S.K.: 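Quick one: this structure, given as structure tokens, is what I'll be asking you about.
Note that this is a predicted model, so its numbers are computed, not measured. Only this structure's heavy atoms are used, side chains among them; waters, hydrogens and symmetry mates stay out.
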Amino acid sequence: MIDIQLLRKDPEGVARRLAARGAGAFDAAAFQRHETTRKELQTAVEQAQASRNRIAREIGQAKAKGQDVAALVAQGEKLKVSLEESELKLAQLQQEIQDFLRRVPNIPHESVPVGASAEENREERRWGEPPRFDFAAKDHVDVGEGLGGLDFATGAKIAGSRFVTMRGQVARLHRALAQFMLDVHPREHGYTEVYAPYLVSGACADGVSSLAKFKGDLFKVEDRDLYLIPTAEYPVTNFVRDEILPLESLPLKFVCHSPCFRSEAGSAGKDTRGMIRNHQFDKVEILQIAHPSRSYAVLEELTGHAETILKKLALPYRVVSLCTGDIGFSSAKTYDLEVWLPGQNAYREISSCSNFEAFQARRMQARFRNDKGKTEHVHTLNGSGLAVGRTLVAILENYQKADGSVTVPSALRAYMNGQEKIAAA
């Protein structure tokens with residue numbers, strides 16, 4: 001949630017920055033109407049409180065003089081009813097303002113490129129050279145099915161479209177990838193491995209994003225206030241919900257492997273082939289809870305941690321800064337890592353690394369005590385380190401051979417009992 005004090009101090013400036021996200025990101029006129037009514041009600045409440053206090057004094061003075069106070073008491077009772085009504089209206093309006101603000105996206109950082117869509121994202125750097133094949137490169141569907149390791153037909157029979165089953169050495173490679181990532185991030189980057197629930201309450205879901213706006217993207221448990229997580233960000237960020245952290249505890253660094261569940265409600269017709277956009281997939285998430293003064297340095301660090309996995313697997317990739325029209329609802333700044341996929345002859349997203357500043361922390365009241373003893377909201381950051389299924393896709397496509405086999409990256413062979421390649425049985 002954005003800082004309402006900043007919005008009240010500079011409504012036009014905030015509105016301009018939010019307008020860069022696209023039409024409808026912020027209804028400045030609606031906010032101004034709320035504010036005008038709030039000020040009127042606030043004034044009415046304050047005036048009624050002052051009148052109530054004045055009458056109470058007059059009653060006391062009249063009693064001390066032995067005077068009749070019936071008229072003053074009646075006036076006070078009438079004022080009490082009016083004050084209670086005004087206070088109730090003010091409380092209801094304050095809740096409406098909170099509900100309004102919870103639907104407003106984060107303010108983009110000034111370094112975020114301005115643009116309307118993904119076409120205007122800015123490439124920052126590239127690493128590695130895409131492989132050159134002396135044969136026609138296949139996509140991961142053909143490679144995986146040829147190995148007998150990917151089975152989309154059985155996935156569809158069990159749960160419908162956008163699901164997959166894995167078998168044999170491909171399933172083992174998928175497991176090896178998750179284990180490899182879980183070993184690297186704690187050992188080399190200082191993250192604490194955690195295990196978290198795969199279900200969260202509506203309040204927790206709303207703590208990291210707007211449940212009112214994005215409920216359709218989640219799978220809900222019928223008749224329960226529980227949602228399947230779309231990423232481990234949802235439960236793990238809520239570790240610090242309603243907490244006041246000691247200054248010396250920052251930064252907190254967590255890594256969590258989990259399945260992720262997404263309805264993909266807005267992606268009809270997109271990436272219907274293969275594993276790029278499934279309803280269920282695995283991800284290793286890295287998260288940091290940081291001091292506000294350090295969060296942008298932490299963003300660069302966290303992005304580098306995700307890049308390390310791609311480098312160790314020798315997968316070519318590029319880093320792009322998402323433009324204002326493409327960053328997520330809660331993000332102030334996001335880097336996407338895009339891995340090269342020969343089967344698509346394109347770079348495709350494999351990780352998003354974001355700084356949410358205090359946006360999520362305000363929603364969940366996650367704070368720390370600063371060096372002056374006062375409480376401030378922490379900054380939250382996370383990224384995929386990496387999406388396991390998409391990393392499997394990248395390996396199947398980049399390490400494929402003309403005979404249909406796939407070379408196992410050297411970094412993973414210890415997790416595959418020394419196996420150097422996967423071939424059809």
S.K.: Do the side-chain N and O atoms of Glu233 and Asn382 include a donor-acceptor pair separated by under 3.5 angstrom?
M.R.: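 Distance-only check passes for Glu233 and Asn382.
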S.K.: Would His109 and Asn355 count as a side chain to side chain donor-acceptor pair (under 3.5 Å) here? Give the steps.
M.R.: CA-CA 9 Å; His109 189 262; Asn355 186 357; over 6 Å; no
S.K.: Check Asp151 with Arg167, please: is the shortest side-chain N to carboxylate O separation under 4.0 Å?
M.R.: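 Salt bridge between Arg167 and Asp151, a charged N being under 4.0 Å from a carboxylate O: yes.
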S.K.: In plain terms, say whether Arg318 and Glu123 are close enough for a salt bridge, that is, a side-chain N and a carboxylate O under 4.0 Å apart.
M.R.: yes
S.K.: Looking only at side chains, do Glu357 and His379 share a donor and an acceptor under 3.5 Å apart?
M.R.: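 Judged by distance alone, the side chains do not pair up.
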S.K.: Mind listing the side-chain donor-acceptor pairs of residues 55-64 below 3.5 Å, one per line with the distance, residues two or more places apart or on another chain?
M.R.:
{"unit_1": "Glu58", "atom_1": "OE2", "unit_2": "Arg54", "atom_2": "NH1", "d": "3.1"}

S.K.: What is the ring orientation for His189 with Tyr191, classed by angle as parallel under 30°, tilted 30 to 60°, or perpendicular over 60°?
M.R.: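 Taking Tyr191 first and then His189, their aromatic rings stand perpendicular (interplane angle over 60°).
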S.K.: Please evaluate residues Ser354 and Lys333 with respect to the criterion side chain to side chain donor-acceptor pair (under 3.5 Å), reporting the C-alpha separation (whole Å), side-chain torsions for both, the decisive distance (0.1 Å), and the verdict.
M.R.: CA-CA 6 Å; Ser354 301; Lys333 182 172 184 175; over 6 Å; no
S.K.: Does a side-chain N-to-carboxylate-O contact under 4.0 Å join Asp139 and Arg273?
M.R.: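 Judged by the 4.0 Å cut-off on N to carboxylate O distance, Asp139 and Arg273 do form a salt bridge.
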S.K.: Just distance, no hydrogens or angles: give the donor-acceptor pairs under 3.5 Å from side chains in residues 65-78, sequence neighbours left out.
M.R.:
{"unit_1": "Asp68", "atom_1": "OD1", "unit_2": "Ala70", "atom_2": "N", "d": "3.1"}

S.K.: Which heavy-atom pair separates Arg102 from Asp206 by the least distance, and what is that distance?
M.R.: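 Minimum heavy-atom contact is NE-OD2, 2.5 Å.
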S.K.: Less than 4.0 angstrom from a charged side-chain N to a carboxylate O is my criterion; do Arg125 and Glu307 meet it?
M.R.: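 Judged by the 4.0 Å cut-off on N to carboxylate O distance, Arg125 and Glu307 do form a salt bridge.
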S.K.: Could you give me the CA-CA distance, side-chain angles and deciding distance for Phe329 and Phe359, then say whether ring pair (Phe, Tyr, Trp, His ring centres under 6.0 Å) is met?
M.R.: CA-CA 10 Å; Phe329 174 85; Phe359 188 83; 5.6 Å; yes
S.K.: So that I can tick it off, tell me whether Arg277 and Glu349 are bridged by a salt bridge, with the cut-off set at under 4.0 angstrom between side-chain N and carboxylate O.
M.R.: no
S.K.: Under a 3.5 Å cutoff, is there a donor and acceptor pairing between the side chains of Gln47 and Gln42?
M.R.: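 Distance-only check fails for Gln47 and Gln42.
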S.K.: By side chain to side chain donor-acceptor pair (under 3.5 Å), which residues pair with Glu300, not counting sequence neighbours?
M.R.: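 With neighbours one apart ignored, the set is Tyr335.
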S.K.: Salt-bridge test for Glu243 and Arg367: reply yes if a basic N is under 4.0 Å from a carboxylate O, no otherwise.
M.R.: no
S.K.: For Tyr317 and Tyr347: C-alpha separation, side-chain torsions, deciding distance, then whether ring pair (Phe, Tyr, Trp, His ring centres under 6.0 Å) applies.
M.R.: CA-CA 7 Å; Tyr317 69 91; Tyr347 288 97; 8.7 Å; no
